[in-house]
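Data block below; observations after.
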Amino acid sequence: SMTKIYGDRSSKEEVEKRAQMLTQELDWMKDKIMSGYDDKDGSLKDAITEYTERLGRLTSGIAVVEIGSNTDLELKERLLRVEDALMASRAAIKDGVLPGG
């Protein structure tokens with residue numbers, strides 16, 4: 001597994017505007033299905049799934065972790081600790097976390 005860190009120059013307002021547009025489009029698609037639209041090939045449901053995932057990626061939090069040290073040995077140890085923390089966080093998100101447990 002590899003951790004990739006991306007930078008983005010989008011402003012918060014641009015991201016919120018795009019998220020609002022996706023939400024409006026999702027609402028329109030859901031209303032269309034609720035009104036009895038015949039989605040024989042399932043393309044509208046697929047689009048809803050895709051838009052929902054995209055909206056989740058846009059609105060979820062992202063963190064930038066900068067790691068530094070005085071020696072190479074110390075840096076390697078810190079990198080391993082950060083990688084362990086990332087893996088534990090991903091597992092918790094995937095499997096769900098119970099408070100206090």
Note to self: To the closest 0.5 Å, what do you measure between OG1 (Thr52) and CE (Met29)?
What the structure shows: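 Nearest 0.5 Å value for the OG1-CE distance: 7.5 Å.
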
Checklist line | Member of Leu79, Leu86, Asp84 meeting the side chain to side chain contact (heavy atoms under 4.5 Å, CB included) criterion with Val82 | finding: Leu86

Note to self: Any carboxylate oxygen within less than 4.0 angstrom of a Lys/Arg side-chain nitrogen, looking at Glu74 and Arg78?
What the structure shows: yes

Checklist line | Any pair counted as side-chain hydrogen bond (donor to acceptor under 3.5 Å, both in side chains), so long as it reaches residues 18-39, sequence neighbours left out | finding: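 Every side-chain hydrogen bond (donor to acceptor under 3.5 Å, both in side chains) pair that includes a residue of residues 18-39, provided the two are not neighbours, is Glu25-Tyr51.
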
Check: Which pairs count as side-chain hydrogen bond (donor to acceptor under 3.5 Å, both in side chains) when at least one residue sits in residues 40-49, sequence neighbours excluded?
Finding: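 Qualifying pairs: Asp41-Ser43.
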
Margin query: The criterion is side chain to side chain contact (heavy atoms under 4.5 Å, CB included); which residues satisfy it with Glu77, sequence neighbours excluded?
Written below: Arg81

Next item on the list: Take atom CD1 of Ile67 as the centre, draw a 6.0 Å sphere, and report whether it contains more than 12 heavy atoms from other residues, nucleotides or ligands.
Entry: yes

Note to self: Tell me whether Ile33 shares a hydrophobic cluster with Leu26, the cluster being built from Ile, Leu, Val, Met, Phe, Trp, Tyr side chains joined at under 4.5 Å.
What the structure shows: yes

Notebook entry, point to check: Closest heavy-atom contact between Ala19 and Thr59?
Noted result: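 Answer, listing the atom of Ala19 first, then Thr59: CB-CG2, 4.0 Å.
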
